[in-house]
2 protein chains.
Amino acid sequence: MNDPDWNLYRTFLGVLESGSLSGAARALGLTQPTVGRHVDELEQALGHVLFTRSQQGLMPTELALSLRPYAQSLASTAAALRRQATGALNEIEGTVRISSSDVIGVEVLPPILAALQSEHTKLGIELSLSDAVEDLLRREADIAVRMTQPKQESLVVRHVGEIELGLHAHAGYLARHGRPVSFAELSTHCIIGYDRRTAFIRAMIGEIRKQAPDFPDPEQPCWSFRADSNLAQLAAIRAGVGIGFCQTRLAARDPHLVRLFPDFRLTLPTFVAMHEDLKTTPRYRRTFDALVTGLQDYIATRR
Amino acid sequence: MNDPDWNLYRTFLGVLESGSLSGAARALGLTQPTVGRHVDELEQALGHVLFTRSQQGLMPTELALSLRPYAQSLASTAAALRRQATGALNEIEGTVRISSSDVIGVEVLPPILAALQSEHTKLGIELSLSDAVEDLLRREADIAVRMTQPKQESLVVRHVGEIELGLHAHAGYLARHGRPVSFAELSTHCIIGYDRRTAFIRAMIGEIRKQAPDFPDPEQPCWSFRADSNLAQLAAIRAGVGIGFCQTRLAARDPHLVRLFPDFRLTLPTFVAMHEDLKTTPRYRRTFDALVTGLQDYIATRR
DNA sequence: TCCGGATCATTCATTTTTGAATATCATCCA
DNA sequence: TGGATGATATTCAAAAATGAATGATCCGGA
């Protein structure tokens, strides 16, 4: 039993992601008969049915679904290889892929990266917004900005400081609804919070209750605007939907945002991490350093 | 610029590993012209030279070497995918790849795995002897037996106990050289030890000096037989080369091995770990459980 | 009910990829 | 020095993969 053609894995992943032969063909720049043949061939090679065919698309079997993470890993590694192969090895050129949380990626990194790119015009940046800690090991990104300390041995990790979060609201919202002076009063306000309860969120809520025992319970109806994305929460605060947490440095940039209970704060430790392998290659090294100093500047900025 | 054919990566890796087009062709079941064309094609697609051709083989460029880990990751992921695809998903059949240290793999696991396989005749086992902690994330193995606690979030880890190491020698050796009764006396004996100094070894030597301050310094000439492989050390002890550390449970199996300084011991915490993704698939689950109970039995066995 | 739009399957000519054979060069050893 | 060996490069016919075209089927909306 020979190793099947590695391309079969690529088209397999395409079919899995698009849900149909024709869709995968469009996405991969092939034709539908070719994609169909690839699937047949892979099924033959593996000795199992991967999809149940129907005229409105293909239904992946349980086995096919279980193979998906492997195929994705192949795809991201192949992409990482190509990134590494772009540009000369010892120059600061080619592409670097960065993963960060959404707010940091949208609000904080662009100026840092813009400065870096204006210095190194041949440097390409890919920015992927995600919080998955495993990204770096799966080579889905070269460098990651994270709020939890990565613990893998093979990573270079740098702690850049603590990002401060505080309760904020738009001045217009406060004009309409009044400014709360006690945490208990918050129960008459609209609080912007999380949709799902992850371990991280639960820990954060615990921290809140420690500092502010009167803080309204997340079950109460005043937590009325919920979004998983911190970015959506930030937009909601800016739009005057209600009161929510956001980074104090970010809020300080917007003259209409008012900080409530200035002594009440949460802090997020912030790290920049990359694969150890990459530290000898100038473009990764330079980008890593730029992120570290850029984030340190961001954190250290006083109003 | 399109994604190059993923097969090119496979032949690229083959060329890197064999050092020549013809060698890679033999290894991959292709012909030399095909391999050569694949390399050309990949170079064209990446826009860089990967090998400097010569008539006695190919010299990889620095860039090619830097791409090697990516290509290896592709290969091991492809292999893991195929492993996952062998056998029916919900039966205990197909292949499971286990990584363990050499001594455990050679001396302890075989009976455990043999019992497992006699119960599940369609289950295939691959055993890879290696200590690299990252194996599981790179999918080079499905399950690992390790002496340090893996800390990755996405792993299922089980502590199975502490393996005890003690100083041992063959009865014949002691008959020839006498039996030492104090640690200081060891300096007139042949001590079997490590070749290189890793962080782990240094920690172990520190632990030794704590319990036995008189223990000869590794720099002294009495540490005369050195091997990186614990297996080679064990073989040396069994062959009567000198005095060395080995697992007390293993030594107890051989009536000719004598334990010296029975109160003097080192312990190695032992863990079984696997990817979280795999725990719902019966064959991995079953193998994991068999390893856990098998190792617990091994550790708990009294002479 | 019928038709447009989507799917997968099949066929066949075309393109691409492959391998066998061969040429050429370097190295090692008697 | 000459010959065996092992390497890459080149050539050309055979084999394999591909895509365009077509057919068949299902779904949903007018």
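Protein chains get the first letters and strands the later ones, always in sequence-line order, with residue 1 at the start of each.
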**Q** For Ser66(B) and Gln84(A), what are the C-alpha separation, side-chain angles and deciding distance, and is it a side chain to side chain donor-acceptor pair (under 3.5 Å)?
**A** CA-CA 8 Å; Ser66(B) 82; Gln84(A) 168 78 356; 2.8 Å; yes
**Q** For a quick test of reading the model: is some side-chain N or O of Arg26(B) closer than 4.0 Å to OP1 or OP2 of dG6(D)?
**A** no
**Q** Which letters describe nucleotides 9-19 of chain D, given B = protein heavy atom under 4.0 Å from base, S = only from sugar-phosphate, - = neither?
**A** BBB------BB
**Q** Could you tell me whether the side chain of Thr86(B) and the main chain of Thr95(B) form a donor-acceptor pair under 3.5 Å?
**A** yes
**Q** Say whether, by atom type as modelled, one donor and one acceptor occur between the side chain of Ser18(A) and the main chain of Ala24(A) under 3.5 angstrom.
**A** yes
**Q** What is the distance, to the nearest angstrom, from the CD atom on Glu43(A) to the P atom on dC8(C)?
**A** 13 Å
**Q** Does the side chain of Tyr284(B) come within less than 4.5 Å of Val96(B)'s, by heavy atoms?
**A** yes
**Q** Which one of Asn230(A), Leu127(A), Leu234(A), Leu231(A) satisfies the side-chain contact (heavy atoms from CB on, under 4.5 Å) criterion with Val106(A)?
**A**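 Testing each of Asn230(A), Leu127(A), Leu234(A), Leu231(A) against Val106(A), the sole residue satisfying side-chain contact (heavy atoms from CB on, under 4.5 Å) is Leu231(A).
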**Q** What is the minimum heavy-atom distance between Arg139(B) and Pro69(A), and which atoms define it?
**A** NH2-CB, 3.9 Å
**Q** Could you state the atom-to-atom distance from CG of Asn7(B) to P of dT16(C) in whole Å?
**A**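 Roughly 18 Å, once rounded to whole Å.
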**Q** Side chain of Glu43(A), backbone of Leu50(A): donor and acceptor closer than 3.5 Å?
**A**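 Checked: pair present.
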**Q** Among residues 11-18 of chain A, which ones have heavy-atom contacts with DNA chain D below 4.0 Å?
**A** none
**Q** Hey, does the side chain of Gln233(A) reach the backbone of Gly193(A) with a donor-acceptor pair shorter than 3.5 angstrom?
**A**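 Yes; at least one donor-acceptor contact below 3.5 Å.
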**Q** What's Ser22(B) touching, base or sugar-phosphate or nothing? Going by heavy atoms closer than 4.0 Å.
**A**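 The residue Ser22(B) makes base contact.
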